[in-house]
Amino acid sequence: MCGIVGYIGSKNATPVLVNALKKLEYRGYDSAGIAVYDGQDIVVRKIKGALKGLEEKLTRETVEGAMGIGHTRWATHGEPSETNAHPHLNEAGTIAVVHNGIIENYAPLKSWLQGQGIVFKSQTDTEVIAHLVNYHYNNTHDIVKAVLESLKQLEGSYALGVVCKDYPDRLVAARKEAPLIVGLGNGENFIASDIPAVLEYTREVIFLDQREVAVLYNDHIDLLDENGNHVRKDPYHVDWDLSSAEKGGYEHFMLKEIHEQPKALLDTLRPRLVFDGEKPVDIKFDEIDFETGDVWKNARRVVITACGTAYHAGMVGKYAFEKLARMPVAVDVASEFRYRNPILNKDDIFIVISQSGETADTLAALRLAKSSGAHVIAITNCVGSTVSREADDVVYTWAGPEIAVASTKAYTTQLACLYLLALKSAYLRGIMDAGEYRRLLAELYTIPEKVQQILDDKSDIQRFVSKNFNKEKVFYMGRQFDSASSLECALKLKEVSYMHSEAFAAGELKHGPIALIDTSTLCVALATEPALFDKLASNIVEVKTRGAATFVITQDTSGAFDQAADAVINIPETETAFESMLSIIPAQLFAYYCAIMRGNDPDKPRNLAKSVTVE
């Protein structure tokens, strides 16, 4: 995953490109670069390392021009270095390219181009594109035709920005698999990997579809299909507040996004709830027609597939569908699902979850499910993303832009969508009567307020972190819903603090994990199932007697864990099935404060990117 931007207009392109790249730095930060046409030549400036290094370089080596492209990189082919950084040029330096994605057939293309006498400078797959475009440009003398001819030979995923010295009046962009948007300005136009990059300049955007090409001029754009035929599209108006893509006074995006969860949850829940006065009485999805046809009433099972945090949301969703709607659920990691010849039925409800809507493995699973005849529903945060366009139905999380690499508000809003789907299914299928249905809807609607209560009283978590941020091992355990929630708790900690962290069902403690318990260990227990408090308290005693520090996150108010645990964080009481949306909040804060106290930047964890758009 990398971030690309492009600008053409009347302003100096350099500060526009750098400013836009800042909004995309979460997509990659091992190198950065820009290419700007200065009126005579394409001038390239790039560096290894974070974007701030490029900013410093540009203060010493100024570049001015009204057209350019920029890139922030997360390495796939070739180690992070200035040579491998984008943009990449043809040999003459007259064509520059930035690229997000992977060219799967770059090796044979590179060999063929070398046979034409081309000398490569980098280890990247992207340099192949620059030389390939140049090859076709020498034959066509038309940069747009050269790009179109090149795309016919490329296999894999790409979002491209291309500029040519001989065509200073246009910028060419194209996409396949990797995301790319076009921003429409007044006397200026933009390309970017994500909307926040252009929000300061325009709120009118166009989402490029598969294999589409955009040719940007100062005063208009041309949209083309892969054969060069013109395409018409209406722009999408972005109504986000600009501040939602900025830190808003918080030290880090991660902390800001943790605190945005009450609003994000409310924004996700309220539009789907039907009210009688102030009381929610039903669920209505504008995106899904539950009433027509028998898709939901006759569904035999639910299949959920996703990656990373979204997969963990799916694990909680399994418990929700089985408990509330009494529907059997299978949950798969998307990267495994696509390769194992899975068994799918036409009466399966197939749910894919992806914050970005561009996760490569999840997209492959979606396409496999559709080819098998399953009804596919996408849960995503990104309007116009590939999964939202290819699924049969889409449910948006309305979490707003999530900039920090470690997902927080995307996860809780994904859970909210899964709970809504499970409750609606239960009611439609006659599993739940109207009274119980409305009672649970009323309780679900209180969750945003209860999340806010946890955030308002986070000092106890900070104090506990100050005593335990140097533990060598951290284990999360729980039972039922808490077992599923523990997976995301452990992931959040390892992502940003780099502490060794694992999760397991508490009943499995004596089947292996207890062998690792010693004085260097912290055990965090999630305890939101009252019927299982006694069993979990026994687990806590077992690890504490072996020297581990213990920390409990619970809705218990009876003091069941006060003697067993070193610290107890009480979260508000709610329906047991919904506690997963509350128990994760202290775990997110715990991970954040551990990262800070260990000197890490939680917004940019090492070796990670916001979403994985290549395999």
Side-chain angles (χ1 to χ4, degrees), residues 258-259 261-262 265-266 269 279-280 316 319-320 323-324 412 415-416 419 436 438-468 474-486 488-489 492 503 505-507 509 522-545 548-591 593:
I258 289 172
H259 281 80
Q261 286 175 111
L265 283 165
L266 193 61
L269 290 170
K279 295 181 180 179
V316 175
Y319 282 94
K323 180 182 178 72
L324 300 172
T412 47
L415 292 184
Y419 282 118
E436 180 68 359
R438 294 182 178 187
R439 184 187 73 81
L440 290 175
L441 289 181
E443 188 58 37
L444 184 62
Y445 191 50
T446 69
I447 295 297
E449 179 184 349
K450 290 175 178 178
V451 170
Q452 187 62 56
Q453 291 174 29
I454 299 171
L455 293 171
D456 289 342
D457 188 21
K458 58 182 181 289
S459 57
D460 287 344
I461 298 171
Q462 290 177 276
R463 279 193 291 272
F464 187 76
V465 169
S466 68
K467 300 174 183 177
N468 291 277
V474 181
F475 297 129
Y476 287 85
M477 60 182 178
R479 294 171 182 261
Q480 300 296 302
F481 278 91
D482 294 333
S483 175
S485 300
S486 293
E488 176 61 12
C489 297
K492 214 49 49 195
L509 177 64
L522 168 64
C523 285
V524 182
L526 303 187
T528 66
E529 297 271 359
L532 298 171
F533 282 172
D534 289 344
K535 292 184 180 297
L536 196 56
S538 295
N539 293 137
I540 295 168
V541 171
E542 287 169 341
V543 298
K544 191 171 183 180
T545 57
T550 54
F551 178 41
V552 178
I553 299 171
T554 182
Q555 64 170 327
D556 173 58
T557 57
S558 69
F561 302 101
D562 290 352
Q563 298 302 313
D566 296 315
V568 176
I569 294 295
N570 288 108
I571 58 178
E573 290 185 78
T574 189
E575 182 71 23
T576 299
F578 301 153
E579 283 285 357
S580 293
M581 286 186 284
L582 301 182
S583 62
I584 188 60
I585 307 301
Q588 291 171 346
L589 290 165
F590 182 82
Y593 289 123

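Predicted, not measured: the structure shown is a model, and the values here were computed from it. In this chain, residues are counted from 1 in sequence order.
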Original post:
Can you name the closest pair of heavy atoms from Ser483 and Gly478 and give their distance?
Top reply: CB-O, 3.5 Å
List, one per line, each side-chain donor-acceptor pair under 3.5 Å for residues 578-588, sequence neighbours excluded.
from: Glu579; atom 1: OE2; to: Gln555; atom 2: NE2; distance (Å): 3.4
from: Glu579; atom 1: OE2; to: Thr574; atom 2: N; distance (Å): 3.1
from: Ser580; atom 1: OG; to: Ser485; atom 2: OG; distance (Å): 2.8
from: Ser583; atom 1: OG; to: Glu579; atom 2: O; distance (Å): 3.3
from: Gln588; atom 1: OE1; to: Gln261; atom 2: NE2; distance (Å): 2.8
from: Gln588; atom 1: NE2; to: Gln261; atom 2: OE1; distance (Å): 3.3

Original post:
Roughly how far, to the nearest 0.5 Å, is CG of Asn570 from CZ of Phe561?
Top reply: 10.0 Å
Original post:
In chain order, what residues pass the side-chain hydrogen bond (donor to acceptor under 3.5 Å, both in side chains) check against Tyr593, with sequence neighbours excluded?
Top reply: none
Original post:
Are the side chains of Leu265 and Val451 in touch, meaning some heavy atoms are under 4.5 Å apart?
Top reply: yes
Original post:
Under a 4.5 Å cut-off applied to non-hydrogen side-chain atoms, are Ile569 and Phe551 in contact?
Top reply: yes
Subject >> Met477 vs Asp482 side-chain heavy atoms within contact, under 4.5 Å >> reply: no
**OP:** Can you measure from CG (Leu455) to CD1 (Ile258) and round to the nearest 0.5 angstrom?
**Re:** 8.0 Å
**OP:** Would you list the pairs meeting side chain to side chain donor-acceptor pair (under 3.5 Å) in which at least one residue belongs to residues 530-542, sequence neighbours left out?
**Re:** Arg479-Asn539, Lys510-Glu542, Asn539-Glu542
**OP:** Before giving the answer on side-chain contact (heavy atoms from CB on, under 4.5 Å), spell out for Arg439 and Glu575 the whole-Å C-alpha distance, their side-chain angles and the decisive distance to 0.1 Å.
**Re:** CA-CA 10 Å; Arg439 184 187 73 81; Glu575 182 71 23; 3.1 Å; yes
Original post:
Excluding sequence neighbours, so at least two apart, what forms side-chain contact (heavy atoms from CB on, under 4.5 Å) with Gln453?
Top reply: Glu449, Lys450, Pro572
Original post:
To the nearest 0.5 Å, how far apart are CZ in Phe475 and CG in Leu509?
Top reply: 9.5 Å
Original post:
Under a 4.5 Å cut-off applied to non-hydrogen side-chain atoms, are Thr550 and Val524 in contact?
Top reply: no
Original post:
Which atom pair, heavy atoms only, marks the closest approach of Leu589 to Ile461?
Top reply: CD1-CD1, 3.9 Å
Original post:
Between CG of Asp456 and CD1 of Ile454, what distance do you get to the nearest 0.5 Å?
Top reply: 10.0 Å
**OP:** Considering non-hydrogen atoms only, spot the tightest contact between Glu529 and Phe481 and give its length.
**Re:** OE2-CD1, 3.5 Å
Original post:
Are side-chain heavy atoms of Tyr419 and Ile447 found at a separation under 4.5 Å?
Top reply: no
Original post:
Of all heavy-atom pairs between Tyr445 and Pro280, which one has the smallest distance, and what is that distance?
Top reply: CB-CG, 4.2 Å
Subject >> Salt-bridge criterion met for Asp566 and Lys544 (N-O under 4.0 Å) >> reply: yes
**OP:** Please identify each residue that fulfils salt bridge (Lys or Arg N to Asp or Glu O under 4.0 Å) with Glu573, with sequence neighbours left out.
**Re:** none
Original post:
Any chance the side chains of Thr446 and Glu443 put a donor and an acceptor closer than 3.5 Å?
Top reply: yes
Subject >> Contacts of type side-chain contact (heavy atoms from CB on, under 4.5 Å), residue Asp562, not counting sequence neighbours >> reply: Val568
Original post:
How many angstroms lie between atom CD1 of Ile553 and atom SG of Cys489, to the nearest 0.5 angstrom?
Top reply: 6.0 Å
Original post:
Side-chain contact, heavy-atom cut-off 4.5 Å: Val541 with Thr545?
Top reply: yes
Subject >> Spacing of CG belonging to Leu532 relative to CG belonging to Leu536, to within rounding of 0.5 Å >> reply: 8.0 Å
